[in-house]
Amino acid sequence: MPKYEPRELEKKWQARWDAERVFAAKEDASKEKCYILDMFPYPSSNGLHVGHPIGYIATDILSRKRRMDGKCVLHPMGWDAFGLPAENYAIKIGGHPHDITQQSVANYIRQLKLIGFSYDWEREINTSLPSYYKWTQWMFLLLYKNGLAYKKQAPVNWCEFDHTVLANEQVVDGKCERCKNPVVQKNLSQWFFKITDFADRLLEDLDSLEWPEKIKAMQRNWIGRSEGAEIDFRGHTPDGGEFDLTVFTTRPDTLFGVSAVVVAPEHPIVERLTAEAERGAVAAYIEATKRKSEIERTGTDQAKTGVFTGAYAKHPFTGEDVPVYVADYVLPQYGTGAVMVVPAHDERDHAFAKTYGLRITTVVEPVTGTPQENPEYRRSIVALVEDPSSKKVLSINWGSSMGGHLLVGGGRDENEDPEACARREILEETGYADLELVGMSETIHHNYFAHSKNVARAIDAIGLHFRLKSDRRASTALEANEEGKFTVEWLSFEDAATKVSDPLHAYVLQKFAFDRPYTDDGILTGSGAFDGLASADARKKITAALEAEKKGRKQVNYHLRDWLVSRQRYWGAPIPIVYCDEHGEQPVPEEQLPVTLPDDVDFRPTGESPLARSKKFHDVACPKCGKPAKRESDTMDTFVDSSWYFLRYCDPKNESAFADKAKVDYWCPVDTYVGGAEHAVLHLLYARFFTKVLFDAGFVKFKEPFTRLKNQGLILGEDGEKMSKSRGNVVNPDDVIAEHGADAFRLYEMFMGDFEQVKPWSTSGIIGQRRFLERVWKMQSGAAETPAKLRSLLHKTIKKVTEDIEAFKFNTAISTMMIFVNENEGAQLSNADYEAFLKILSPFAPHITEELWEASGQKELIALAPWPAYDAALTVDSEVEIALQVTGKVKDRITVPVDADDKELERLAMENEKVKAALEGKTVKQVIVVKKRLVNIVAV
RNA sequence: GGGGGUAUGGCGGAAUUGGCAGACGCACCAGCCUUAGGAGCUGGCGGGGGAAACCCCAUGGAGGUUCAAGUCCUCCUACCCCCACCA
């Protein structure tokens, strides 16, 4: 046997796969199809580092295995090739983005081929080529014709320094990602896609997907559906002006706690509602808001500022006048751009009310704890005693088993005054007597289960806030059963907040010590006819009452906004629209597509779209009348390109359609989709949106593009930090492969740990995989028959590897194969069994297994060989080792027949010498037998 | 502030879903082989005690349920990711 020289044989097999077109996908209606897809990369000029291919290796293993299963596999690769980095780099070095992209693509292909992936390279796509973006433009027109693409004036992120619009993702902490200068808002006429029309469908269909919960949660979050109500306030100014102002709230149950109405500074009504006397102040405030940067405006820890407008709004039910303010904590683009201020039940409103001295009225009584069945009713008090000189609160420590730290609490008789009751309890338990009452809470509805008395309780509690006037203490008067059960401690506010865990006491602490408003649901109070209702019920009833009086309505709002797709940049797909003086906005007729990028243009950003500078491009004839017209000069967001690319792979060279319908019907949807979690929202949401648009238009038969999604975990540098050029911890796969070969590299990436978990790279770790392959290289076969024990191990290994590949548990699949190889010494394997092992290893290490397969006398490729079946009977042992425990401690291990019954196992355990010794002088209380696992003899 | 996740030897990570914690690999240690070793082979390798048999402790922390807990429940801590003045 020659030495294992990975590089030599890897080149050999890669060349043969290419030459024989082994991985070219062909539709075959008689076979089950399987579409396994990687998120296509943006070909960066930096090339791939070792973190990138982990997902590609996983999909390659799955694809190779599924091909061997006899399935028809589509496993393509392509390039998300439009985008800013290539354009910026071109500007920097004075080249053209097209050339730079082509160079990067060539380098990516070289690197990917080095790793030995089984892509169908004949289906390679590139979003920056006219043959592709013709269909991106076609998609735009499809949306346009269905009323889903529209142009409107909108505020966008604008970088003053780079003179360009920036996508949201290019704005980092309110600054331009590239030049780090602050980003300002600018009003520009922009193209949007109406993704908001699909909000509910995008939300509902998530349930049907085999996606990580995390990604689904992020999408739900991004869509941000919130149910609530719009409420109309009738307003007036002292100058006799009148106006209608509608607010949006998710908490109509708190309507009776309104003490002001606030509108966003950008709200168009501000002009009308501002009283003459306040105009100066309001204008100054709006001006100040404009000067604020994104971060200053939207930081959650910013102080709540605002200005009174002089106007008042009438409460829709009580008719009371509440003041109207302008404040920048209200955002113009969400809801109606106006909110009702309920200081008692919203953190921001609370802070605002504190600053401007607004009334704080409790209209929702708190509910704490978990409601129980058939509770006993009680009354109680909870007293917070504060020592103002030391800023500490009085706590009673009952010990960890009795509820831990509490404030002072106690039961209250039906007619007892809460203050008197609290003073009595404080005196009895702590002895403090010189107290001043400074606050009393609303009724708190507390539910809990009293384990000591085995009874459920519903308690109406009153919280009281006392200040210590002096530390004069009387002697305590404890009941006999309370003596010595607790200690009295003074805790800092912060200590108390972490130590007091009982929900009732914690609420009282938060209310008095930290002045926190109650923002959860509860029981209505001070709300007229709605008193006593639970919040959820009250929301419905109050909304219904508003509707009946035509003063409001049920309303659903979404965080999701329409998708802004215009970009004032060169390196993207031109938007296929023409503007005619006579006929206005005109779509470019389909037969004129693609609208190609001009190559004679200076694409340096100056503020206007570079395409507008090309006369050849810009001056066209109106498609309708033929008179001179102007072409739209914006390009599309690159996320448009990637929203439909998975369809193009089905039929990448089609010139008359984005793909042949029969081919799309055959291959789609994608069965397994793999990529990084950074695309959790944007790309995956947009692709889902496009799929629904195409479904509605009858082009595809499925509503969701990606049935199963897996996210690869990030690979960190050896220092445990994210790999980056600036940190200097980037590892290049080229170097690793040059030293140990692609097979060792593939195995190591898969062996490192759980596929979806973050994990650091270790260059020394890869040697283990190289050693494993060296052992495989030296494995021998030729025995007439494999020994029974090894044969059984082989079949268990086949079973485990088969199941683990499907479940993306590649790390344990590899360790199982290592165990098999470690167990295998000398020429014990039959040729057939040896070859079966090579087959299950082949998706992981395709090159070495092709070589050994050939050396074993096979003429066909192992990549085309059938996946071995395992004999289920051989995966089950006839004997198993079980543990013998005495009271949970293992005393011995014995080997027993696998089908031994409980009685037999118990007998064997009782007869065991070590068990007998451990049972010496003890009485057996119970024997637990778990077949194939253990016998546990409980003895005292 | 909201949502999601993670925590197991020196390190990466296993653990049949409640049943023998530490599989597999790296690193390390000892021995063999070798002129040599960044090669190969054999053995060891969570901590503590003990000559040994064996005993005790141990899966971020504290409680709990159970014959049995890394796994289930309650509370807490630390770190990571995403979103965030969204009313």
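Below, chains carry the letters A, B, ... as their sequence lines are ordered, and counting in each starts from 1. Since this is a predicted model, take the numbers as computed values, not measurements.
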Using whole Å, what does the distance between atom [atom2] of nucleotide [N] and atom [atom1] of [X] come to?
{"X": "A:His740", "N": "B:rA39", "atom1": "NE2", "atom2": "P", "value": "10 Å"}
{"X": "A:Asp520", "N": "B:rA87", "atom1": "CG", "atom2": "C1'", "value": "15 Å"}
{"X": "A:Lys304", "N": "B:rG1", "atom1": "NZ", "atom2": "P", "value": "13 Å"}
{"X": "A:His267", "N": "B:rC86", "atom1": "NE2", "atom2": "P", "value": "17 Å"}
{"X": "A:Gln333", "N": "B:rC86", "atom1": "CD", "atom2": "P", "value": "11 Å"}
{"X": "A:Lys925", "N": "B:rA68", "atom1": "NZ", "atom2": "P", "value": "12 Å"}
{"X": "A:His405", "N": "B:rA62", "atom1": "NE2", "atom2": "P", "value": "17 Å"}
{"X": "A:Asn936", "N": "B:rC67", "atom1": "CG", "atom2": "C1'", "value": "5 Å"}

Residue closer to the 5' end of RNA chain B, A:Lys914 versus A:Glu213 (nearest nucleotide):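 On the 5' side of the pair lies A:Glu213.
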Taking for each residue the nucleotide of RNA chain B with the nearest heavy atom, is it A:Ile215 or A:Gly224 whose nucleotide lies nearer the 5' end?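 Closer to the 5' end of RNA chain B: A:Ile215.
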When the [atom1] atoms of [M] and [N] are compared, how many Å lie between them, rounded to an integer?
{"N": "B:rA58", "M": "B:rG46", "atom1": "C1'", "value": "8 Å"}
{"N": "B:rG60", "M": "B:rG13", "atom1": "P", "value": "14 Å"}
{"N": "B:rC57", "M": "B:rC73", "atom1": "P", "value": "26 Å"}
{"N": "B:rU71", "M": "B:rU16", "atom1": "P", "value": "13 Å"}
{"N": "B:rA87", "M": "B:rU6", "atom1": "P", "value": "28 Å"}
{"N": "B:rA68", "M": "B:rG19", "atom1": "P", "value": "14 Å"}
{"N": "B:rU17", "M": "B:rC72", "atom1": "C1'", "value": "11 Å"}
{"N": "B:rA69", "M": "B:rG63", "atom1": "P", "value": "14 Å"}

Quick one: is B:rA87 close enough that its OP1 or OP2 comes under 4.0 Å of any side-chain N or O from A:Tyr334?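 Answer is yes, contact under 4.0 Å.
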Just to confirm, is there a sub-4.0 Å distance from OP1 or OP2 of B:rC86 to any side-chain nitrogen or oxygen of A:Arg348?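 Yes, such a contact exists.
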Identified pairing partner of [N], criterion: Watson-Crick or G-U wobble below 3.5 Å:
{"N": "B:rA84", "result": "none"}
{"N": "B:rG46", "result": "B:rC57"}
{"N": "B:rG31", "result": "B:rC41"}
{"N": "B:rA7", "result": "B:rU77"}
{"N": "B:rA23", "result": "none"}

Students often get this wrong, so: under 4.0 angstrom with heavy atoms, is [X] touching a base, only sugar-phosphate, or nothing?
{"X": "A:Val938", "result": "sugar-phosphate"}
{"X": "A:Asp754", "result": "sugar-phosphate"}
{"X": "A:Arg770", "result": "nothing"}
{"X": "A:Glu825", "result": "nothing"}

Which residues pass the ring-ring contact (aromatic ring centres under 6.0 Å, His included) test with [X], not counting sequence neighbours?
{"X": "A:Phe808", "value": "A:Phe755, A:Phe810"}
{"X": "A:Tyr558", "value": "none"}
{"X": "A:His345", "value": "none"}
{"X": "A:Phe745", "value": "none"}

Can you list everything that forms a side chain to side chain donor-acceptor pair (under 3.5 Å) with A:Lys710? Sequence neighbours excluded, please.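 With neighbours one apart ignored, the set is empty.
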Under the side chain to side chain donor-acceptor pair (under 3.5 Å) rule, collect the residues that match up with A:Ser226, sequence neighbours excluded.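 For A:Ser226, the residues satisfying side chain to side chain donor-acceptor pair (under 3.5 Å) (neighbours in sequence not counted) are A:Tyr334.
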If we ignore angles and hydrogens, is there a donor and acceptor under 3.5 Å between the side chains of A:Ser395 and A:His405?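 The answer is no; no qualifying pair exists.
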Within the sub-3.5 Å range, which N or O atoms of nucleotides 24-26 of chain B have a protein N or O partner, and how far apart are they?
from, atom 1, to, atom 2, distance (Å)
B:rG25, OP1, A:Asn822, ND2, 2.9
B:rC26, OP1, A:Arg771, NH1, 2.5
B:rC26, O2', A:Ser764, OG, 3.1

For B:rU17, does the O4'-C1'-N9-C4 (purine) or O4'-C1'-N1-C2 (pyrimidine) torsion place it in syn, i.e. within 90° of 0, or in anti?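 Glycosidic conformation of B:rU17: syn.
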Answer syn or anti for B:rG9, where the cut-off is 90° from 0 on the glycosidic torsion.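 Because its glycosidic torsion lies within 90° of 0, B:rG9 adopts the syn conformation.
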Measuring from the side chain of [X] (C-beta onward, heavy atoms only), which nucleotide among [options] has the closest atom?
{"X": "A:Ala217", "options": "B:rG3, B:rU16, B:rA87", "value": "B:rG3"}
{"X": "A:Lys759", "options": "B:rA14, B:rA87, B:rG12", "value": "B:rG12"}
{"X": "A:Pro760", "options": "B:rG3, B:rG19, B:rG12", "value": "B:rG12"}
{"X": "A:Thr812", "options": "B:rU16, B:rG12, B:rA14", "value": "B:rA14"}
{"X": "A:Val330", "options": "B:rG19, B:rA87, B:rC83", "value": "B:rA87"}

Answer yes when A:Asp754 and A:Lys759 have at least one side-chain N-carboxylate O distance shorter than 4.0 Å, and no when they do not.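 No, this pair does not count.
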Below 4.0 angstrom, N of the basic side chain to O of the carboxylate: do A:Asp719 and A:Arg727 qualify?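 No salt bridge links A:Asp719 with A:Arg727.
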Expected rows: protein N/O vs nucleotides 55-57 of chain B N/O, under 3.5 Å:
from, atom 1, to, atom 2, distance (Å)
B:rC55, OP1, A:Lys891, NZ, 2.9

Output a table of donor-acceptor pairs, distance under 3.5 Å, between side-chain atoms of residues 765-776 of chain A and any protein atom two or more places apart or on a different chain; print 'none' if there are none.
from, atom 1, to, atom 2, distance (Å)
A:Arg770, NE, A:Glu774, OE2, 3.0
A:Arg770, NH1, A:Glu739, O, 3.3
A:Arg770, NH2, A:Glu774, OE2, 3.3
A:Arg775, NH1, A:Asn822, OD1, 2.6

Side chain to side chain contact (heavy atoms under 4.5 Å, CB included) partners of A:Asn711, counting only residues at least two apart: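 Per chain and number, A:Asn711 pairs via side chain to side chain contact (heavy atoms under 4.5 Å, CB included) with A:Pro212, A:Ile215, A:Ala677, A:Leu709, A:Glu756.
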Indicate the ring-plane relationship of A:Phe493 and A:Phe514, choosing parallel, tilted or perpendicular according to the 30° and 60° boundaries.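 The arrangement is perpendicular - the two ring planes meet at more than 60°.
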Any pair with a residue in residues 914-940 of chain A that passes side-chain hydrogen bond (donor to acceptor under 3.5 Å, both in side chains), sequence neighbours left out, goes on the list, sorted by first then second residue, please.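 Every pair satisfying side-chain hydrogen bond (donor to acceptor under 3.5 Å, both in side chains) with a residue in residues 914-940 of chain A: A:Asp902-A:Lys931.
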Using ring centroids (six-membered ring only for Trp), state whether A:Tyr507 and A:His446 fall under 6.0 Å.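 Ring centres of A:Tyr507 and A:His446 not closer than 6.0 Å.
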B/S/- along nucleotides 73-81 of chain B (protein heavy atoms under 4.0 Å) is ----S----
Shortest non-hydrogen contact between A:Glu906 and A:Val929, atoms and distance: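 Minimum heavy-atom contact is CB-CG2, 4.4 Å.
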